Structure formats: structure tokens, C-alpha cells
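Since we're looking at a predicted model, the values are computed, not measured. Counting starts at 1 for both ligands and their atoms, following the listed order.
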Amino acid sequence: MTTTMFNERLDQLPAYPFPRLAALLDGIEPGQSPLVMSIGEPQHEPPAMITEAMVKYASLWHKYPPGSGTPELRDAIKNWLDRRYNLPTDMIHRDDHVLPVAGTREALYLIATTVIPQDRPGPKPKVLLPNPFYQVYCGAAVLNDAEMVPLAAGPETGFLPDLDQIDTETLDTCSLFFLCSPANPQGAIASPEYLERIIGLSRKHDFVLAMDECYADIYDREPPIGALEICAKQGGNMDNLLVFHSLSKRSSAPGLRSGFVAGDAKIVKRFTALRSYCSATIPMPVMAASTALWNDDVHAEENRDLYRAKIDIAAEIFGNRFGFYRPPGGFFLWLDVGDGEAATKKIWKEAGVKVIPGSYLSITDKDGSNPGTQFIRIALVHDLATTREGLTRIAKALES
Ligand SMILES: Cc1ncc(COP(=O)(O)O)c(C=O)c1O
């Protein structure tokens, strides 16, 4: 049946991972009290400065917030970028290079609408993305009528796409390349050389590089290098690049819906224009809270320490079993359990812990292989005691 009422491209999207997980576990009784470690929703206490700002700026609820954010917020973001990445102060201009967004999820989707050519003759524009990937990249590609090209990011390539494996024709027809560093789910961090290479490719082949750096402030040992640091080394040239950052993970505030994009002024300008037609803006009191959060590094450090302590617990429990490694960035464990779906069911049935099969975060590529199949993802988002309890139960179920 054909209908003029629906966008049929929606039917081409894979089911979202969480309904798939619910269907997988449907009818299986959890063996112990349920504990959710499947979703990357930080449960640490959000900083008190959020509530303080909400109260202080409560009179601003009557205002339509400016689409480009307040100057104070853009200043706070610029200053954070300068501090975090040691950028020269004249590189990022708050009015040209920074755009606050109501969570990076919407921005990662809308960047595709902003940049993918719609009416160009010839082959469909391509969107390249790591496989496994944050699902929004896929929605952005498919719903904007691009060809999605998943690039395997398994252990053999250091959990990042192998840039040497991408042929020239693909790069020439690429419009948008999503890369996530630190990577969700594997925690891999792109090296300076890797970033230099991919930034170089974006300019040579004229595509937009969307660097999802949402986990930039959650790391085990070394602060992950950011793409803007490479630009700084190149005299501040940010052509073709946008970085995406969020307060959801850095400040344990996913409910705040606050993040930003920064980079190439031409793209920021077009993105701003598009967003005035369709985007949720950040409410004024939330902007005030966001300003306070970007201006403060102490809470982010405390947050990071907590994650590190949980990785210590995981190391103690898993040792060198199930392919355990300390994720260099982010807060997920990516365990090699042979069959991720079977392990997920077993863990739920015996341990009452909800994890997610790796294959729900990845896709089967043209060669018929799916780099997520053998893995499960565990989100270390709870307090220390709950995390220890959950991981102990998971290990026991996997051992039996
Ligand atoms: C890799 C990655 N990018 C982006 C997001 C979106 O974050 P938010 O929309 O909360 O800023 C998430 C959230 O889980 C994520 O894991």
C-alpha cells in the first residue's frame, strides 16, 4: 500500500536498541532484583549549581531563549574549550564558532540536514560512520537520503575505523563523516596522528567531519586530545570541522538537554540558520545553569574520579577475562562474551542485570559481518556499591 501520509524512510531505520532489548528480554524473569546497566544515563548526583541557577534565574521562564544562546553561555563555552584544549585565545570567537544546542543528539541529527546535498545529480552522498556507533548517526544518514557507510571499528583496528581501508571513490562522494572519540561503546581515543589524518582527508575530499567528543571529560589516564587541538597546531584553521560536546556526561545532567557545537564558522552559520526553523532552544534558566557548569572544572574532575574508581572495581572483578580492558575514555565496558545476545539473556535471567548486546549498537556491513556481535556493553553509571554489586553478579553469570 502506498500512502502520501508518511515518510517511508523511517521504515528503513533499524529498531532503536532499547525496544530491541526489551523484546529480547520479554518473558524472561530476572533472577535477582533488577539493575539497569544497559543505558548510558549517568546516575551521579548532578552539581548543586544547576538548582541554584534555576532558582536564581526563575524569572526568565517568560522569555523566548535566543537560538544562538546567551553571550554569557557562548563565553563560558569558549573559555572551557580554551582551557580544556589549551587553545590560543584568538582561535575561537564566541560569536562565529560556537553554537549552544539543546543536547547533542538533536545537533548530531540536524548537522546531516544542514550539510548533505539534497538535489545534486549523480550518486547519493555518503555518510561515513564507525561501526558500532551512536544510533543517531544512522538516523541522520537515512532520513536525509544519504548512503550510510559503516566502517568496522573492532579490536583489530584499535576500535576505530581504519582510514586506510576507505577507497577514494567513497571519500570523494562522502558528505559527512561521524567519528566518536572517546568512542561509545568501546572507549577508544583517537591519537593526534589519527585526528590529523582524518582532518586532512575532510579537506582533501571536501566533506564535513562531525567529531562527537561528548565523553571528552571522562577518561582513565590521559585527557583525550580533541580535534580542535589539531586545528590549533595548524594555525587555527577549522575548515570542514565541527566538534560536539555535552553536559549530559561531563556534568551528569542528561535531563538538562544542553550541549554545543563548535568549529568552522561557515558551517556554524548555516547550522544556525537551519535551527531557527526547527530546533528546540535551551530555556534561559537552563542556559544560566549551563554557563555555571562550563565555567567549573571541579565537579567534572570529581565525576571523573568516580568513574575511574568504578573501572578499578571492574578490573578487580574481570581481570583479563572476557576481553576486559580499561576503557581509555567514557564509562562503558565492552566485553567480549562470544555471543552478546545469549549473554545478555543469561545475565538478565541469572543476575537480574540489564546489559545490551553489542550487535544492537552496530550493523551488519556489506561483507555480512557485524563487529558488535560478540560483545556486550555495560554502563558504569551507578554509585560504587551498586556498580560492584552489578559487576559481581554479571561475572558470576558469565562464569557459570
Ligand atoms: C556518543 C554519544 N553522542 C551523543 C550523545 C547524546 O548526548 P546528549 O544528547 O545527551 O547531549 C550520546 C548519549 O548517550 C552519546 O553516547
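Screening residues 13-22 for salt bridge (Lys or Arg N to Asp or Glu O under 4.0 Å) gives no qualifying pairs among residues at least two apart or on separate chains. Pairs engaging residues 285-303 under the salt bridge (Lys or Arg N to Asp or Glu O under 4.0 Å) rule: R83-D297, R250-D297 [sequence neighbours left out].
Salt-bridge annotation for R203 and D239: absent, with no side-chain N of the basic residue lying under 4.0 Å from a carboxylate O of the acidic one.
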Side-chain donor-acceptor contacts of residues 392-400 below 3.5 Å, not counting sequence neighbours, with atom names and distances?
residue : atom : partner : partner atom : Å
T392    : OG1  : R388    : O            : 2.5
R393    : NE   : Q32     : OE1          : 3.3
R393    : NE   : E389    : OE2          : 2.8
R393    : NH1  : S33     : O            : 2.9
R393    : NH1  : A351    : O            : 2.5
R393    : NH2  : S33     : O            : 3.4
R393    : NH2  : S33     : OG           : 3.3
R393    : NH2  : E389    : OE2          : 3.2
E399    : OE2  : R321    : NH1          : 2.5
E399    : OE2  : R321    : NH2          : 3.2
S400    : OG   : K346    : NZ           : 2.7
S400    : OG   : E350    : OE1          : 3.0
S400    : OG   : A397    : O            : 3.0

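Of the listed residues (I199, N240, V243), just one forms a side chain to side chain contact (heavy atoms under 4.5 Å, CB included) with L209, and that residue is I199.
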Mind listing the N or O contacts between ligand 1 and protein, cut-off under 3.5 Å?
residue  : atom   : partner : partner atom : Å
ligand 1 : 3 (N)  : D212    : OD1          : 3.4
ligand 1 : 3 (N)  : D212    : OD2          : 2.6
ligand 1 : 7 (O)  : T104    : OG1          : 3.2
ligand 1 : 9 (O)  : T104    : N            : 3.2
ligand 1 : 9 (O)  : R105    : N            : 2.9
ligand 1 : 9 (O)  : R257    : NH2          : 2.7
ligand 1 : 10 (O) : S248    : OG           : 2.5
ligand 1 : 10 (O) : R257    : NH1          : 2.9
ligand 1 : 11 (O) : T104    : N            : 2.9
ligand 1 : 11 (O) : T104    : OG1          : 2.6
ligand 1 : 11 (O) : S246    : OG           : 2.7
ligand 1 : 14 (O) : K249    : NZ           : 2.8
ligand 1 : 16 (O) : N184    : ND2          : 2.8
ligand 1 : 16 (O) : Y215    : OH           : 2.7

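Judged purely by distance below 3.5 Å, without hydrogens or angles, the side chains of Y360 and E341 pair a donor atom with an acceptor atom.
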